[in-house]
Amino acid sequence: MLAAAAAVAAGAGVAHAQYSDGAIKIGVMNDQSGLYADLTGQGSVWSAKKAIEDFCKATKCHDKIEVVFADHQNKPDVGSNIVRQWYDVDKVDVVVDVPTSSVALAVNNITKEKNKVFLVSGAATSDLTGKACTPNTIHWTYDTWALANGTANAIVKTGGKTWFFLTADYAFGHALERDTAAVVEKAGGKVLGKVRHPFPGQDFSSFLLQAQASKAKIIGLANAGGDTINSIKQAAEFGIVKGGQNLAGLLVFITDVHALGLQTAQGLIFTEAWYWDTTDANRAFAKEFAAANRGNYPTMIHAGVYSAVTHYLKAVHEMKSDADGAAVVAKMKSMPTDDKLFGKGTIRADGRKIHPMYLFEVKSPAESKAPWDYYKLRATIPAEEAFRPLKDGGCPLVK
Amino acid sequence: MFELIGVPPQALFGQLLLGLINGAFYALLSLGLAVIFGLMNVINFTHGAQYMMGAFCAWMLLTYLGIPYWGALVLAPIIVGATGIVIERLFISRLYHLDHLYGLLLTFGLALIIEGMFRREYGSSGLPYSNPLPGGTNLGFMFLPWYRAWVVALSLMVCLATWFMIEKTQLGSYLRAATERPDLVQAFGINVPRMITLTYGFGVGLAALAGVLAAPIYSVNPVMGANLIIVVFAVVVIGGMGSIMGSIVTGFGLGVVEGLTKVFYPEASNTVIFVIMAIVLMLRPQGLFGTPR
């Protein structure tokens with residue numbers, strides 16, 4: 001389960017930096033085998049290695065940088081054990097990615113206790129920069145507040161005033177439902193009901209029927225991956241959309257759209273932090289990624305891992321040390337971020353990485369011109385409006 | 001309108017019907033398990049993977065050969081059943097003289113290998129498969145998709161036909177006799193090993209049929225069976241290991257119980273079956289329809 005991979009860029013000259021045990025060790029932990037394996041998994045490991053490769057090309061790094069990875073199976077206990085072993089025995093300096101909010105919250109605590117660094121790309125809960133924020137964690141790519149803000153606002157504005165939630169029954173689903181309900185109510189909408197389904201689920205027809213009976217205009221899917229795919233597939237079967245109700249996928253990844261097929265997914269509206277077909281640099285990254293990952297295109301989580309690792313390497317390179325996790329994170333917060341995928345950005349005191357978010361709509365089969373040509377841009381949410389205001393999060397570091 | 005424990009009766013009818021439909025999957029899968037266990041004494045943990053292979057086989061037939069759903073419904077169980085026969089001849093047949101536990105471990109290992117291979121090839125997020133029977137009818141208390149009606153009808157037919165074949169025909173009586181006294185049956189000139197091999201292939205074919213039925217409504221991905229198989233095993237245990245009728249009735253019944261739980265306390269809907277299993281094991285260890293061995 002615990003596999004070491006690729007020692008990259010072993011220095012030819014004398015190591016001049018003071019790294020703990022002589023190397024920078026990056027641990028990518030995520031779902032390698034379950035329902036989130038395509039949207040994180042080996043793709044994130046590849047992205048971390050790519051970031052190291054590009055960084056070392058640009059700066060001629062003479063440091064020994066290693067990547068290890070592990071499968072947390074979406075279980076907080078499994079994830080906690082791996083991370084403890086990484087920190088205590090394997091001398092890992094930074095943990096990256098970690099989808100599944102319940103696992104991420106556990107890793108968040110351990111990282112603070114051990115004074116290491118935690119760069120979250122996969123997990124969604126906005127609590128990581130709210131009441132659970134720590135001086136050792138940066139939440140990179142997206143969060144539940146940003147998703148809710150982008151998608152729910154757009155939908156309420158176009159008339160979707162009444163909502164019913166289908167919520168995955170764990171930390172992530174609860175956070176996404178809470179943040180979305182807040183946005184809906186603030187924008188003048190109303191939440192008529194909710195149902196919390198076991199994670200992972202298979203048959204959603206019973207829950208969809210309850211949603212149908214609520215007569216809500218919008219059925220908000222506060223779940224992810226295979227659960228979202230199953231919900232959308234079965235909603236089509238039960239004629240939910242034909243019956244005048246609409247689905248709001250609150251967290252949808254490009255791999256989900258691929259799995260659904262455009263015929264079923266067309267017209268879905270959702271918020272993401274990154275899409276491959278926007279700039280030449282993104283397209284080039286996606287092409288290289290696909291060649292190495294069975295033809296799959298990168299999700300925003302993969303791009304986030306690349307961006308986070310790049311910035312981490314810049315910070316430790318300047319400090320010439322990776323020993324003090326909180327100091328590294330403080331350094332990362334003090335430097336503006338800049339990389340080829342996310343462009344320029346900043347990191348806030350609460351650990352929130354700030355960049356624009358994008359509201360996308362899934363193309364119809366006729367509009368799609370090439371494989372993985374799936375999204376059209378509906379709106380760009382500027383960086384300053386994309387994330388929860390600093391004062392509203394309740395992060396103890398901010399006071 | 002009056003309400004029943006906070007739920008309008010119309011919604012309740014809908015949920016009951018849905019439960020019955022989901023029960024159709026449980027019944028079909030647990031039937032295959034019961035046939036294999038009842039006639040071969042093998043606890044087939046590969047069943048979930050074979051269900052998944054059925055769904056993938058339908059996808060492959062459509063994608064690579066252009067064979068639509070209706071063709072896959074016949075072909076996929078035959079193809080996957082044939083792979084089952086190969087597995088039985090190569091691996092399982094070597095374990096008949098050992099304890100059940102070895103068969104369980106072997107089939108569990110095979111399931112992990114098969115799922116791993118599919119994940120490596122096709123990823124984890126799944127493949128699209130469109131619904132061959134879109135649309136449905138409004139029953140007044142719920143919208144019944146045509147496809148679900150088809151699933152429940154076909155599943156019921158296959159279950160009853162299987163029960164009839166094993167319990168009421170001469171072929172079935174040979175099978176049952178071969179389970180009790182294989183040496184004696186062989187002495188009457190019946191090729192027992194071949195019959196057992198075909199039985200395994202048939203059980204696997206039932207799993208694959210359930211997989212094809214699932215493809216249009218559930219996400220077709222390598223772990224789709226892994227999530228389901230544990231529930232199905234609970235169904236078999238509750239019904240009584242090896243009891244054909246037991247697995248059918250329990251499959252449908254537990255689908256209904258699970259459906260009702262989804263209304264009254266959805267958070268518990270994936271544990272309720274195991275609670276029932278624990279209670280049944282305490283009060284009637286041989287299962288509801290089983291006979292003590």
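Lettering of chains follows the sequences in order, A, B, ..., and the numbering in each one begins at 1. Side-chain atoms are counted along with the backbone in the values below, which use heavy atoms only and exclude waters and symmetry mates.
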Engineer: Just so I know, are the side chains of B:P266 and A:R196 near enough to count as touching, which here means a heavy-atom distance under 4.5 Å?
Structural biologist: no

Engineer: Could you walk me through whether A:D203 and B:K262 satisfy the side chain to side chain contact (heavy atoms under 4.5 Å, CB included) test, starting with their C-alpha distance in whole Å, then the side-chain angles of each, then the deciding distance to 0.1 Å, before giving a yes or no?
Structural biologist: CA-CA 10 Å; A:D203 193 78; B:K262 282 178 177 165; 4.0 Å; yes

Engineer: Can you tell which of A:P198, A:G243, A:A236, A:G41 has the highest number of heavy-atom pairs within less than 4.5 Å of chain B?
Structural biologist: A:P198

Engineer: Between B:T271, B:L127, B:N131, which residue shows the highest count of heavy-atom pairs closer than 4.5 Å to chain A?
Structural biologist: B:L127

Engineer: Heavy-atom distance under 4.5 Å to chain B: side chain of A:Q202, backbone, both or neither?
Structural biologist: both

Engineer: I'd like to know whether A:R294 forms a side chain to side chain contact (heavy atoms under 4.5 Å, CB included) with B:R120, so could you lay out the CA-CA distance, the side-chain angles of the two residues, the decisive distance to 0.1 Å, and finally the verdict.
Structural biologist: CA-CA 9 Å; A:R294 291 192 341 265; B:R120 190 175 162 71; 5.7 Å; no

Engineer: Work out which heavy atom in B:S125 is nearest to a heavy atom in A:A259; give both atom names and the distance.
Structural biologist: O-CB, 3.2 Å

Engineer: Is there side-chain contact between A:S205 and B:R148, with heavy atoms separated by less than 4.5 Å?
Structural biologist: yes

Engineer: Where does B:L228 contact chain A at under 4.5 Å (heavy atoms): side chain, backbone, both or neither?
Structural biologist: side chain

Engineer: When only pairs under 4.5 Å are counted, which of A:D31, A:T264, A:L35, A:L209 shares the most heavy-atom pairs with chain B?
Structural biologist: A:L209

Engineer: Quick check: are there more than 12 heavy atoms from other residues, nucleotides or ligands sitting under 6.0 Å from CZ of B:F108?
Structural biologist: no

Engineer: Please report the shortest heavy-atom distance between B:M142 and A:F238, naming the atom on each side.
Structural biologist: CE-CE2, 4.0 Å

Engineer: If the contact rule is any heavy atom under 4.5 Å from chain A, which residues of residues 215-224 of chain B qualify, in numerical order?
Structural biologist: B:A215, B:P216, B:I217, B:Y218, B:S219, B:V220, B:V223, B:M224

Engineer: Contact part of B:E115 toward chain A, heavy-atom cut-off under 4.5 Å: side chain, backbone, both or neither?
Structural biologist: neither

Engineer: Against chain A, label B:Y122 side chain, backbone, both or neither, depending on which of its atoms sit under 4.5 Å from a heavy atom there.
Structural biologist: backbone

Engineer: Name the member of A:S206, A:G34, A:G226 that forms the most heavy-atom pairs with chain B at distances under 4.5 Å.
Structural biologist: A:S206

Engineer: Less than 4.5 Å to any heavy atom of chain B: does that hold for the side chain of A:A213, its backbone, both, or neither?
Structural biologist: neither

Engineer: Where does A:F207 contact chain B at under 4.5 Å (heavy atoms): side chain, backbone, both or neither?
Structural biologist: side chain

Engineer: Would you compute the distance between atom CD of A:E237 and atom OG of B:S130 and round it to the nearest 0.5 angstrom?
Structural biologist: 12.0 Å

Engineer: To the nearest 0.5 angstrom, please state how far the CD atom of A:Q212 sits from the CZ atom of B:F143.
Structural biologist: 8.0 Å

Engineer: By a 4.5 Å heavy-atom criterion (distance strictly below it), what part of B:P134 contacts chain A: side chain, backbone, both, or neither?
Structural biologist: neither

